[in-house]
Enquirer: 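Take a look at this one; I'll ask things after.
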Amino acid sequence: MVLQRIFRAVIMGPPGSGKGTVSARITKTFGLSHISSGDILRSNISNKSELGLLMKCCIDQGQLVPDDVMSRLILRDLRAMDHSSWLLDGFPRTVPQAEALDDAHSVDTVINLNVPFQTIKQRLTSRWTHLPSGRVYNVDFNPPKVPGLDDETGEPLVQRDDDTPDTVTLRLKAYENQTEPVLEYYRSNGVLETFTGTETNMIWPHVEAFLHKKLFSVKQKVA
């Protein structure tokens, strides 16, 4: 059966953990479709879909989007990819969302990027942005030619509110509190694989080797 060859994975990791970079490498190396819950959310809000309007109402009122609404939104997009292998990023964020995903699809593995909070804090608080263009600099490994100024325009760089030390600490704590039950859920289901490190280039070879082995074992079972 062709369907048995389909491979579904979830990637998790706090803001600044390198999740975007690792996701891009996974999709390029293994041919999985990258599904970002954030992209789906923004698209539905922009298109003013029924669920999009409902979510915008929640967000505008400072409320969390209810689990059932978020699950309906993501699972609707996944249904259109029934015959595809995918990497899901940004969902699930709660145990009820994880249960809804499991009810609809079999998840082969959950990749968890475990980067020390101190490393992430240093990484994020070192980021400075040129707002008009969106160019991002990092004073540690990608500094501007002139401190505090954009390379191309010479205009001043700013630190986004999300990247200030106090905000970063709050974001990381919120992530930890929200996702630890989800990690435990997948750990108890035997599909969680955690990769620990301080640099994406050090973590990636382990992720790549694991997925090669995992995908090979899936093909072996089919054969």
Side-chain angles (χ1 to χ4, degrees), residues 1-15 17-56 58-59 64-113 178-179 182-183 185-187 189-195 200 204 207-223:
M1 291 286 291
V2 175
L3 282 177
Q4 288 179 287
R5 290 189 172 88
I6 290 172
F7 187 79
R8 271 78 183 265
V10 170
I11 187 166
M12 300 183 69
S17 62
K19 190 158 57 86
T21 302
V22 172
S23 294
R25 292 180 183 182
I26 290 173
T27 54
K28 182 178 179 182
T29 304
F30 298 99
L32 276 64
S33 298
H34 181 221
I35 303 172
S36 163
S37 65
D39 289 347
I40 294 173
L41 189 82
R42 285 186 288 273
S43 172
N44 274 267
I45 290 175
S46 174
N47 294 333
K48 298 183 178 178
S49 73
E50 181 184 350
L51 288 174
L53 290 172
L54 190 56
M55 286 185 296
K56 187 175 187 303
C58 293
I59 292 166
L64 290 174
V65 178
D67 285 328
D68 64 318
V69 174
M70 198 68 199
S71 297
R72 280 166 57 202
L73 183 78
I74 303 302
L75 294 177
R76 189 181 63 186
D77 272 48
L78 291 181
R79 274 196 296 274
M81 304 183 69
D82 265 350
H83 303 292
S84 302
S85 295
W86 40 251
L87 176 69
L88 186 52
D89 177 0
F91 181 93
R93 292 194 175 180
T94 66
V95 172
Q97 290 177 12
E99 291 171 340
L101 178 61
D102 269 351
D103 286 343
H105 299 280
S106 175
V107 174
D108 293 287
T109 193
V110 177
I111 295 163
N112 176 42
L113 304 183
Q178 185 183 41
T179 57
V182 182
L183 294 175
Y185 172 84
Y186 283 126
R187 190 179 290 117
N189 285 357
V191 294
L192 184 70
E193 195 70 23
T194 296
F195 299 88
T200 301
W204 166 244
V207 175
E208 185 180 26
F210 165 74
L211 285 175
H212 270 298
K213 183 178 177 182
K214 192 83 177 171
L215 283 161
F216 180 72
S217 70
V218 169
K219 290 177 181 175
Q220 286 286 88
K221 287 175 187 174
V222 173

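For the single chain, residues carry numbers from 1 onward in sequence order. Just so it is clear, the structure is predicted and the values come from calculations on it, not from any experiment.
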Enquirer: Do Phe7 and Phe30 make the cut of ring centroids closer than 6.0 angstrom?
Expert: no
Enquirer: Tell me which one of Asp89, Leu87, Thr21 satisfies side chain to side chain contact (heavy atoms under 4.5 Å, CB included) with Ile26.
Expert: Leu87
Enquirer: Please check if the number of heavy atoms outside Arg25 that lie under 6.0 Å from its CZ is greater than 12.
Expert: yes
Enquirer: Sub-3.5 Å donor-acceptor pair from the side chain of Ser49 to the main-chain atoms of Gly52, do we have one?
Expert: yes
Enquirer: So which atom in His34 and which in Ser23 form the shortest heavy-atom distance, rounded to 0.1 Å?
Expert: NE2-CB, 3.7 Å
Enquirer: Taking side chain as C-beta onward, heavy atoms only, is Leu101 less than 4.5 Å from Leu78?
Expert: yes
Enquirer: Does Glu208 use its side chain to pair, donor to acceptor, with the backbone of Trp204 at less than 3.5 Å?
Expert: no
Enquirer: When rounded to the nearest 0.5 angstrom, what is the spacing between CD1 in Ile40 and CZ in Arg76?
Expert: 9.0 Å
Enquirer: Does any N or O in the side chain of Ser71 come within less than 3.5 Å of the main-chain N or O of Asp67, such that one atom is a donor and the other an acceptor?
Expert: yes
Enquirer: Which heavy atom of Ser33 sits nearest to which heavy atom of Met81, and what is that distance?
Expert: CB-CE, 3.4 Å
Enquirer: Check the side chains of Tyr186 and Asn112 for a donor-acceptor pair under 3.5 angstrom, ignoring hydrogens and angles.
Expert: no
Enquirer: Heavy-atom distance under 4.5 Å between the side chains of Leu113 and Val22, does that happen here?
Expert: yes
Enquirer: Arg8 versus Leu32: any side-chain heavy-atom pair under 4.5 Å?
Expert: no
Enquirer: Would a 4.5 Å heavy-atom cut-off, applied to side chains only, mark Glu193 and Val207 as touching?
Expert: no
Enquirer: Are Leu211 and Thr29 side-chain neighbours, meaning at least one heavy-atom pair lies under 4.5 Å?
Expert: no
